[in-house]
Amino acid sequence: EVAKDKYVSGIYKYNEKVDLVLTNKFENPKTNNNLLIMMYLLLIILIITVAVLMNNNKYKKFIPIFILLILPFIVNAECKQIIEIEANIDIKDTYGKKCTGEIIRDNIIPDLYRAPYTIIDNYVYEEIRDDDNNNLLGFRVKLEDFIQDQKVDYEICSYINGLPIISTEGMFYNNSNIESINLNNFDTRNVTNMEHMFSHSSINTLDLSDLDTSNVTNMNYMFSGSEINNIDVNNFNTSKVQKMDGMFYNSKINDLEISNFDTNNVETMKAMFSNFEGDKLTLKNMNNEKLKDINGFFANSNINEVILDNFNTENVENMGSMFSSANIKKIDFSKLNTTNVIDMSGMFERTVIEKVNLSSFDTSNVENMQSMFSESEIKELDISNFNTSKVTTMNGMFYKTIMEELNISSFNTKNVKDMDFIFAYSKIKTLDLSSFELDSIEQSNRMFFNAEATTGYAKNQTLADYFNNNDRKPASLTFTVKQ
C-alpha cells in the first residue's frame, strides 16, 4: 500500500517475504527547507561572530560574497527523505479477493459436485483434502453449470475461509454460453492444477496476462475444444509443469507462439496439438529434457506451417500416431531426434502429407512399427536408411498406401514376429524383400492381400516359396530370388 503513494517509487521482490526499499521525494521541496536554511544561517552567524571576536576585517569583507553564493542553494534546495524498510509481508494480504462461505456438506449431488462446497456469485468452491482426507488443503473453483449470461463480471474469490484456490480444473469447462469472463485480481499463485480450465468453452475474449502459473504442474487439455481464436501465453511460467497432454487439442488458435515455454520438467505431451487448426505453429527452443511421450502430438491437425527449431525430442520414447491423419503443409522432419524412440506405431497412419523425407530418422531402438504408414496419402517416402533390427511388429505397416515406389531393400526383419497385412491393398509396384528374414515370425497372414505389386524379390528360394504361398497373395505377384 505504501508503494502506491504517488510520491513514492519502490522496488520489491515478489516473494512471501518482501524487502521494500522506498525513496520518498516530497511534492514541494521548497516548503521543506527550514532545517537546511537554519543550518546555513547558523553557519553565517558563526563566521560573523568569529570575525568580530578576532576583530579581523579580512574575514568580514567575504561575508556578503558568501551570502550571495549560498543564497541560490537556500532558495532552490531540495530535501530528500530516504526511507529503507525491511518488512515481512504476507502476499495473501496484498491482492486477491478474500471470501467467507458456508460449506455445504449434506446432500451433495454427485454429478455436479465432488466434495463439500460453497457457492459465491455463480462460482462453486469445492474443498480439496490430502490423500488421507484428513487435512483441508484449499479449494477448487468452477463456474456453475447452466449459466445463461454471455458475460460474467463477478470477481473470483482467491481465498475461501482463509485457504487458497489450488485448482482451476474444469473451471469453465463446457460453458457454451459464456463469451467473456473477469480474471482481474484472481490470485492463482497457489494453483497446481489447471486441467480442462477453458476446455470446450465458448469464451472468445481472454486476457491471461496476469494469470500466475508458477506452481502449476498439470495443464492437460487446458484449452482443448475452446473457441478462442487468438491467445497470448508468452507470459506463462511453465517451469513446474509435468503434463501438457491435449493442451491445445481441437483448438482453433490462428497463430500460436509457445517458444517461451519452459518445458524442462514436462514428461508427457500426448495429443498436445491433436485436431489443432491454425495457420502457424512455432515450437522453438523447447528443451523438453524429461519428455518421454508425444503420442498423437499432431494427430488430425490442420496446420499450414509447423516450425520445430530446437524442439528437443532426444529422450522421447513414444511417437505413436504422432502425425496420424495430419494435414501439415510445411514441416521439416529432420528437426526431430528419434534416437530413443521405441514406439512409432501409426505415426503417419492416414496422414495427408504427400511428401515425407525420413532419411534423418534414427530408428535403431524402435520396436513397434505397426500401421506406421497405413492408409496414408504419402506419394513420396524415403525410409531407405531405416534400422529395423529391433522391430518386433510390422503389422499393417504399409496397408493401403498409395505410393508406387518404395525402397525397403535394407530392412532387417530378423526379430519381427508380426507381419499380418504388411503390404495388403498397397499400390507399390515392386516389392524388394531380399533383405527380409523370418527367423522370429509368428504371424504373417495375408501379407500381400489385394496388393498391386507384380514383381517381388526374396533372399533365397525358401523365402520366395514362403511369400508365394502366403494366404490371399494375388496371382499376378510372383517372388523370385534376387540375383
Side-chain angles (χ1 to χ4, degrees), residues 192 194-195 213-222 233 236-249 256-274 276 281-299 301 303 306-324 326 328 331-349 351 356-373 383 385-393 412 415:
T192 59
M194 287 187 174
E195 184 171 357
T213 59
S214 57
N215 282 305
V216 177
T217 59
N218 186 352
M219 287 186 174
N220 282 351
Y221 299 93
M222 187 172 178
V233 290
F236 271 27
N237 181 341
T238 58
S239 59
K240 293 184 180 178
V241 178
Q242 298 171 6
K243 300 176 182 178
M244 287 186 175
D245 290 351
M247 187 173 179
F248 299 100
Y249 171 83
L256 182 63
E257 167 71 63
I258 61 171
S259 295
N260 288 340
F261 273 24
D262 180 348
T263 55
N264 283 337
N265 287 304
V266 178
E267 298 174 0
T268 174
M269 291 181 177
K270 294 194 296 290
M272 187 171 179
F273 298 100
S274 178
F276 181 89
L281 178 61
T282 304
L283 306 177
K284 288 184 178 179
N285 303 318
M286 297 176 72
N287 193 24
N288 305 332
E289 274 187 3
K290 298 180 180 178
L291 186 60
K292 300 287 186 183
D293 193 345
I294 53 176
N295 185 290
F297 196 70
F298 292 112
S301 63
I303 310 169
V306 174
I307 299 174
L308 292 173
D309 291 350
N310 296 319
F311 181 72
N312 185 5
T313 57
E314 66 180 355
N315 291 311
V316 172
E317 297 177 354
N318 188 351
M319 286 188 177
S321 302
M322 186 174 179
F323 299 97
S324 175
I328 300 174
I331 186 172
D332 185 355
F333 294 106
S334 68
K335 302 294 184 180
L336 293 173
N337 186 331
T338 60
T339 305
N340 288 297
V341 176
I342 297 171
D343 189 348
M344 287 187 175
S345 61
M347 189 173 182
F348 294 93
E349 185 176 13
T351 186
V356 177
N357 185 348
L358 305 182
S359 59
S360 63
F361 268 30
D362 180 350
T363 59
S364 56
N365 284 302
V366 177
E367 298 175 7
N368 189 350
M369 288 187 174
Q370 179 171 339
S371 302
M372 187 172 179
F373 303 101
I383 55 173
N385 69 317
F386 267 27
N387 180 341
T388 59
S389 58
K390 291 186 179 179
V391 177
T392 59
T393 177
N412 181 341
N415 289 303

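In what follows, residues are counted from 1 in the order of the sequence shown. A quick note: this is a predicted structure, and the numbers were derived from the prediction, not measured.
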* Tell me, do Met319 and Thr338 make a side-chain contact under 4.5 Å, heavy atoms counted? -> yes
* To do: Would you give the length of the straight line joining atom NZ of Lys292 to atom OG1 of Thr268, rounded to the nearest 0.5 angstrom?
  => 12.0 Å
* Heavy-atom side-chain proximity of Phe373 to Glu349 below 4.5 angstrom -> no
* What distance do Lys335 atom NZ and Ser360 atom OG have between them, rounded to the nearest 0.5 Å? -> 10.0 Å
* To do: Under the side-chain hydrogen bond (donor to acceptor under 3.5 Å, both in side chains) rule, what do Lys390 and Asn415 come out as? Steps first, then yes or no, please.
  => CA-CA 6 Å; Lys390 291 186 179 179; Asn415 289 303; over 6 Å; no
* Atom pair CE (Met219) and OG1 (Thr213), whose distance is rounded to the nearest 0.5 Å -> 4.5 Å
* Asked: Do Glu195 and Asn218 get their side chains close enough for a donor-acceptor pair, meaning under 3.5 Å?
  -> yes
* **Leu281 to Phe298 - nearest heavy-atom pair and separation** => CD2-CE2, 3.7 Å
* Asked: Looking at CD of Glu257 and CG of Leu283, how far apart are the two atoms once the value is rounded to the nearest 0.5 Å?
  -> 8.5 Å
* Got a donor-acceptor contact below 3.5 angstrom from the Ser274 side chain to the Ala299 backbone? -> yes
* Okay, side chain of Asn264, backbone of Lys290: is any donor-acceptor separation there less than 3.5 Å? -> no
* Is the closest side-chain heavy-atom distance between Val266 and Gln242 below 4.5 Å? -> no
* Ignoring hydrogens and geometry, is there a side-chain-to-backbone donor-acceptor pair from Ser345 to Asn368 under 3.5 Å? -> no
* Asked: So do Phe348 and Leu358 actually touch side chain to side chain, heavy atoms under 4.5 Å?
  -> yes
* Asked: In a check of ring pair (Phe, Tyr, Trp, His ring centres under 6.0 Å) between Phe297 and each of Phe276, Phe311, Phe323, which one passes?
  -> Phe311
* Asked: Taking side chain as C-beta onward, heavy atoms only, is Ile294 less than 4.5 Å from Met322?
  -> yes
* **Distance in Å, Asn215 CG paired with Ser239 OG, rounded so as to fall on 0.5 Å steps** => 8.0 Å
* So do the side chains of Thr192 and Val216 get within less than 4.5 Å of each other, counting heavy atoms only? -> no
* Structure fact -> Heavy atoms of Ser324 and Gly346 approach each other most closely as CB-O, 3.7 Å
* Structure fact -> Thr351 and Ala326 have their tightest heavy-atom pair at OG1-O, 3.0 Å
* So, the side chain of Asn365 versus the backbone of Ile342: is there a donor-acceptor pair under 3.5 Å, distance only? -> no
* Asked: What are the two closest non-hydrogen atoms of Val366 and Met369, and how far apart are they?
  -> CG1-CG, 3.8 Å
* To do: Search all heavy atoms of Phe333 against all heavy atoms of Asn357 and return the closest pair with its distance.
  => CB-O, 3.8 Å
* Asked: Can you check whether Asn340 reaches Val316 side chain to side chain, under 4.5 Å on heavy atoms?
  -> no
* To do: Check step by step if side chain to side chain contact (heavy atoms under 4.5 Å, CB included) holds for Val241 and Thr217.
  => CA-CA 4 Å; Val241 178; Thr217 59; 6.0 Å; no
* Indicate whether the side chain of Thr263 and that of Asn288 have a donor and an acceptor atom separated by less than 3.5 Å. => yes
* Go through the steps for Phe386 and Met372 under the test side chain to side chain contact (heavy atoms under 4.5 Å, CB included), then give the verdict. => CA-CA 13 Å; Phe386 267 27; Met372 187 172 179; 3.8 Å; yes
* Sidechain-backbone polar pair: Asn312 side chain, Asn287 backbone, donor-acceptor under 3.5 Å -> yes
* Between Thr238 and Phe261, is there a donor-acceptor pair closer than 3.5 Å when you use the side chain of the first and the backbone of the second? -> no
* Give the C-alpha distance, both sets of side-chain angles, the deciding distance and a yes or no for side chain to side chain contact (heavy atoms under 4.5 Å, CB included) between Met272 and Tyr249. => CA-CA 6 Å; Met272 187 171 179; Tyr249 171 83; over 6 Å; no
* To do: In sequence, state the C-alpha distance, the side-chain angles, and the governing distance for Leu256 and Thr282, and then conclude on side chain to side chain contact (heavy atoms under 4.5 Å, CB included).
  => CA-CA 7 Å; Leu256 182 63; Thr282 304; over 6 Å; no
* Do Lys284 and Asn310 have side-chain N/O donor and acceptor atoms under 3.5 Å apart? -> no
* **Nearest-0.5 Å distance that lies between atom CD1 in Ile383 and atom OG in Ser359** => 11.5 Å
* Counting distance only, does the side-chain N/O of Asn385 pair as donor-acceptor with the main-chain N or O of Phe361 below 3.5 Å? -> yes
* Structure fact -> Heavy-atom nearest pair, Met222 first then Met194, reads CE-SD, 3.5 Å
